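The shown structure was predicted, so the numbers you read here are calculated from the model rather than taken from an experiment. Order of the sequence lines sets the chain letters (A, B, ...), proteins ahead of strands, with each chain counted from 1.
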Amino acid sequence: MAKKSKNTFYITTPIYYVNDVPHIGHAYTTIIADAISRYKKLLGKDVFFLTGTDEHGQKVEKAAQEKGLKPIELADQVVVRFQELWKALNIDYDFFIRTTQPIHEENIQKIFKKLKDKGDIYKGIYEGWYCDSTEHFLDEDVPLEEGGFKICPECGTKAFIVSEECYFFKLSAYQKPLLDFYAQKPTFVRPRSRMNEVVSFVKQGLKDISITRTTVEWGVPVPDDPKHTIYVWFDALHNYVTGIGYDWDRPHFEKFWPADVHLIGKDILRFHAIFWPAFLMASGFPLPQTVFGHGWWLKDEAKMSKSKGNVLDPHLILETFGPDPLRYFLLREIPIGLDGNFSHEGFIHRVNSDLANDLGNLVQRTLTMVHSYFGGKIEEMDKEEKADKALREEFENSKEKIIRFYEDYALNRALEEIWFFISTVNKYLADNEPWKLARDESQKKRLGRILYQAAAALRVISYLLFPVIPVSSEKIWDFLGEEKSIEDESLSELKFKNLKLGQAMKEPKPLFPRVALKDFLKEEETRQAPPKKEEKMDMITFDEFKRMDLRVGEILTAEKVEGTDKLVKMEVDIGTEKRAMVAGVADVYSPEELAGKKVIVIVNLKPAVIRGIESRGMLLAAEIEGKAIIPFFDKDVPAGAKVR
RNA sequence: GGCGGUGUAGCUCAGGCGGUUAGAGCAUGCGGCUCAUAUCCGCAGUGUCGGGGGUUCGAAUCCCUCCACCGCCA
């Protein structure tokens with residue numbers, strides 16, 4: 001294979017599964033990829049950025065059936081949703097691959113055949129408990145339920161025994177090569193902590209994996225044996241090679257392969273860090289440089305999931321703010337490897353404070369002064385003085401750091417550094433007080449220098465921000481009177497003095513409007529009259545259940561909490577101690593009625609202060625139209641007895 | 001259960017191969033400016049650096065132990 005030229009850069013996102021519409025998590029991965037890709041382009045690299053959709057498999061088959069559609073019809077619909085979102089977010093990808101495209105399907109078959117001929121894929125029998133919903137065989141140590149079946153620990157639905165003839169990939173043969181590879185290239189998996197997990201997983205031993213199904217029709221058929229369908233993961237992972245031309249545009253493929261970064265969510269690390277390099281080794285392809293597993297955005301500290309109904313839809317934010325504030329927030333708030341908590345409060349706060357106050361206001365004040373003191377054109381200025389030079393050197397310093405952070409994919413650190421510099425420029429203006437110099441005509445040239453420095457700073461700031469907030473950055477350049485686009489200037493050439501003297505600057509308009517949190521929340525409310533779905537809870541394991549300490553509690557005393565309708569304060573004997581608890585049951589039970597009763601109490605619930613009273617435990621009750629109905633025991637039980 | 005990680009200001013986190021008064025941003029309080037999107041600048045705090053023990057002249061930093069939380073274990 002031809003050697004890859006050093007000046008190319010190939011980055012991918014996962015291909016997204018089309019059984020669901022896009023949400024903030026998809027947006028996050030894709031925004032990271034876009035920012036890195038734009039950064040590399042500024043360096044003058046020949047960048048290829050691939051994204052797309054994974055359209056085969058049982059879940060899509062099922063989701064389509066529920067809607068009365070053919071799988072491909074569902075895929076066609078959902079693909080549009082993704083593409084529209086990428087457009088709204090200003091994602092500048094080079095190719096959008098769909099696994100249903102012939103160039104993909106044909107080449108998957110070709111690769112499959114190649115590995116089969118080589119002996120890395122062989123036919124065998126697989127038997128095991130299979131979950132339709134998550135499309136995988138359960139671990140062998142999942143316990144048998146009483147009815148003699150197994151429950152999928154991931155989704156909670158019933159699994160079935162499936163015994164099928166299928167094709168296996170000889171993963172076991174790659175244990176040693178993989179370990180050697182990891183040892184030789186410790187940066188293959190990032191963040192580093194995840195590399196440890198991968199290595200220890202592989203060290204435990206690898207079994208061959210089944211890579212076909214006979215139970216699924218919606219997929220790529222095995223060549224010469226079409227009752228077998230290639231399993232989605234084998235199908236999907238290879239998009240990274242088919243998407244750049246394997247085997248339909250060889251020169252293009254050879255130009256960009258191997259990938260520099262596969263950006264993924266941490267949940268699919270195993271597939272990318274173990275299976276994928278093994279497949280590639282089998283095919284004889286060079287291995288990618290890095291698999292970067294990013295964290296998840298949580299909503300109010302909880303993982304977003306369809307079943308919780310707390311999936312965050314980015315559309316309202318996009319309509320209110322445009323793409324840049326969301327891009328900025330997601331990349332600034334957390335390091336790529338960690339989880340983050342998404343709240344509208346946090347979002348509005350950061351956008352107001354960083355974008356509107358620090359950056360937006362700096363643009364506004366600088367250009368307003370250029371206009372009111374110079375009519376938009378600084379024609380003349382003094383030589384650079386000490387303070388001016390300090391500002392310029394500060395920039396040169398920061399620029400180096402910022403580049404280092406970008407190179408390391410530490411986008412949050414790069415942004416942090418840029419904001420240090422923004423703050424320095426604000427300080428520079430405060431120290432040099434151009435508004436005072438403006439009152440003295442003899443200081444005109446000095447004033448010119450100061451505003452020139454500030455404008456030059458804005459020019460380089462917006463340049464460095466371009467990967468993250470491309471629209472706003474271009475706007476700032478336009479305000480400054482730049483005629484070329486940011487992308488026409490190479491990062492290595494970026495300097496203060498590139499701002500031409502005498503350039504006609506425009507009158508600025510606020511770049512990032514401040515939005516009050518309460519207005520935004522109100523808007524959100526009116527926007528989504530949420531159809532109140534029945535509360536569906538996730539399955540929990542017995543271990544999780546065991547964490548709740550439920551016991552019989554004897555209510556010793558009970559009295560109404562002054563000034564409330566529903567609250568009762570009780571002293572409850574839980575066997576080992578007596579505790580104060582507060583419960584909202586007074587509308588159904590009188591305190592007299594409660595005293596002496598035995599109830600079920602969760603005793604290790606975090607204490608809560610209710611009406612100034614610390615409630616150390618909660619009694620269990622059925623909630624019927626807002627009223628609490630307490631279960632009592634029909635035989636005598638001692639206080640403190642464990643309930644389970 | 002096994003392996004790995006985390007616990008530092010009200011909040012989010014940085015530092016951490018031992019060494020001056022432990023840092024940043026946000027939030028809070030006070031002061032300044034008025035060019036600017038009620039923005040910007042300055043000052044001020046507050047912390048037994050998870051608990052306990054040890055090594056050392058000296059520990060947030062190294063060791064032991066306990067507690068809590070998190071990740072991975074097809």
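Annotation: of the two residues near RNA chain B, A/Ser193 and A/Asp208, the 5′-most nearest-nucleotide partner is A/Ser193. Two residues, A/Val198 and A/Leu355, neighbour RNA chain B, and the one matched to the more 5' nucleotide by heavy-atom proximity is A/Leu355.
Residue contacts for A/Thr368: at a heavy-atom cut-off of 4.0 Å it reaches the sugar-phosphate backbone alone, with no base atom in range. Here A/Arg350 lies out of heavy-atom contact (under 4.0 Å) with every strand. Counting non-hydrogen atoms under 4.0 angstrom, A/Leu206 reaches a base of the nucleic acid. Heavy atoms of A/Ser423 sit under 4.0 angstrom from primed sugar atoms or phosphate atoms, though from no base atom. Across all strands, A/Tyr373 comes closer than 4.0 Å only to sugar-phosphate atoms, never to a base (heavy-atom distances). Using a 4.0 Å heavy-atom criterion, one finds that A/Ile334 contacts no nucleic acid atom at all. Among the atoms of the strands shown, only primed sugar atoms or phosphate atoms (P, OP1, OP2) are found under 4.0 Å from some heavy atom of A/Asn196.
Rounded to an integer number of Å, the gap from CG of A/Asn352 to C1' of B/C40 is 15 Å. In this structure, A/Leu429 places its CG atom 13 Å from P of B/C40, rounding to the nearest Å. Spacing between atom CG of A/Leu511 and atom P of B/U37 amounts to 12 Å, rounded to whole angstrom units. Note: CD1 (A/Ile422) to P (B/C40) measures 12 Å, nearest angstrom. Separating the CG atom of A/Leu359 from the C1' atom of B/U37 is a distance of 12 Å, rounded to the nearest angstrom. Taking atom CG of A/Leu298 as the reference point, atom P of B/U12 lies 13 Å away to the nearest angstrom. Protein atom CG of A/Asp339 is 10 Å distant from nucleotide atom P of B/C13, rounded to whole Å. Between the P atom of B/C72 and the CZ atom of A/Arg194 lies a distance of 7 Å, rounded to the nearest Å.
Residues A/Ile402 and A/Leu464 come closest through the heavy atom pair CD1-CD1, 3.8 Å.
Donor-acceptor pairing under 3.5 Å is lacking for the side chains of A/Trp276 and A/His238. With hydrogens and angles left out, the side-chain atoms of A/Tyr452 and A/Asp388 include no donor and acceptor closer than 3.5 Å.
At least one side-chain nitrogen or oxygen of A/Gln364 sits closer than 4.0 Å to the OP1 or OP2 atom of B/U37. Of the side-chain N and O atoms in A/Arg365, none sit less than 4.0 angstrom from OP1 or OP2 of B/U39. Residue A/Lys203 has no polar side-chain atom (N or O) positioned under 4.0 Å from OP1 or OP2 of B/C3. Taking only side-chain nitrogens and oxygens, A/Thr366 never comes nearer than 4.0 Å to OP1 or OP2 of B/C35.
Comparing the C1' positions of B/G25 and B/U8 gives a spacing of 15 Å, expressed to the nearest Å. The gap from the C1' atom of B/U55 to that of B/C11 amounts to 36 Å, rounded to the nearest Å. Between B/U56 and B/A44, the distance separating the two C1' atoms is 36 Å to the nearest Å. Taking atom C1' on both B/U6 and B/G15, the two are 15 Å apart, rounded to the nearest angstrom. Comparing the same atom, C1', in B/G10 and in B/G51 gives a spacing of 22 Å after rounding to whole Å. Comparing the C1' positions of B/A68 and B/G50 gives an interatomic distance of 8 Å, to the nearest angstrom. Taking the P atom of each, B/G47 and B/A22 are spaced 11 Å apart, rounded to whole Å. One C1' atom belongs to B/A9, the other to B/U65, and the distance between them is 28 Å to the nearest Å.
Once rounded to the nearest 0.5 Å, the distance linking CD of A/Glu441 with CD of A/Gln443 reads 10.5 Å. Atom-to-atom distance recorded for A/Leu115:CG and A/Ile211:CD1 is 7.0 Å, nearest 0.5 angstrom. For the atom pair CH2 (A/Trp435) and OH (A/Tyr373), the distance works out to 8.0 Å, reported to the nearest 0.5 Å. The CG atom of A/Leu411 sits 10.5 Å away from atom CZ of A/Arg327, with the distance rounded to the nearest 0.5 Å.
Counting non-hydrogen atoms of other residues, nucleotides and ligands closer than 6.0 Å to NZ of A/Lys123 gives a total above 12. By the 6.0 Å contact criterion, NZ on A/Lys170 is open, its count of non-hydrogen atoms from other residues, nucleotides or ligands being 12 or less.
Partner of A/Phe234 under the ring-ring contact (aromatic ring centres under 6.0 Å, His included) criterion, out of A/Phe271, A/Phe169, A/Phe279: A/Phe279 alone.
Under the 4.0 Å criterion applied to side-chain N and carboxylate O atoms, A/Lys444 and A/Asp382 are not assigned as salt-bridge partners. Salt-bridge formation is not detected for the pair A/Arg404/A/Asp408: no Lys NZ or Arg NE/NH1/NH2 atom is positioned less than 4.0 Å from an Asp or Glu carboxylate oxygen. The pair A/Arg579-A/Glu577 meets the salt-bridge criterion, since a charged nitrogen lies less than 4.0 angstrom from a carboxylate oxygen.
Within residues 434-449 of chain A, the residues approached by RNA chain B to less than 4.0 Å at the level of any non-hydrogen atom are A/Trp435, A/Lys436, A/Arg439, in residue-number order.
Consecutive Watson-Crick or G-U pairing (both distances under 3.5 Å) extending over three or more pairs maps onto RNA chain B as B:1-7 with B:67-73, B:10-13 with B:23-26, B:28-32 with B:40-44, B:50-54 with B:62-66.
For A/Phe201, the side-chain atoms get nearest to B/C73 when compared with the rest of B/A36, B/G71, B/C73. Distance from the side chain of A/Asn361 is smallest for B/A36 among the nucleotides B/U37, B/C73, B/A36.
In this structure, A/Asp324 contributes its side chain and A/Ser472 its backbone to a donor-acceptor pair below 3.5 Å.
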Using atom types as modelled, flag every donor-acceptor pair under 3.5 Å from a side chain in residues 413-426 of chain A to any protein atom, sequence neighbours excluded.
residue: A/Trp419; atom: NE1; partner: A/Asp354; partner atom: O; Å: 3.1
residue: A/Thr424; atom: OG1; partner: A/Phe420; partner atom: O; Å: 2.9
residue: A/Asn426; atom: OD1; partner: A/Arg365; partner atom: NH1; Å: 2.7

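Here A/Tyr167 pairs with A/Asp225 under the side-chain hydrogen bond (donor to acceptor under 3.5 Å, both in side chains) rule; sequence neighbours left out.
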Polar-atom pairs under 3.5 Å, protein N or O versus N or O of nucleotides 14-16 of chain B: list them with distances, or write none.
none

Pairwise N/O distances under 3.5 Å, protein to nucleotides 26-29 of chain B:
residue: B/C26; atom: O3'; partner: A/His349; partner atom: NE2; Å: 3.0
residue: B/C26; atom: O2'; partner: A/His349; partner atom: NE2; Å: 2.8

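Residues A/Tyr240 and A/His272 place their aromatic rings such that the two centres sit under 6.0 Å apart.
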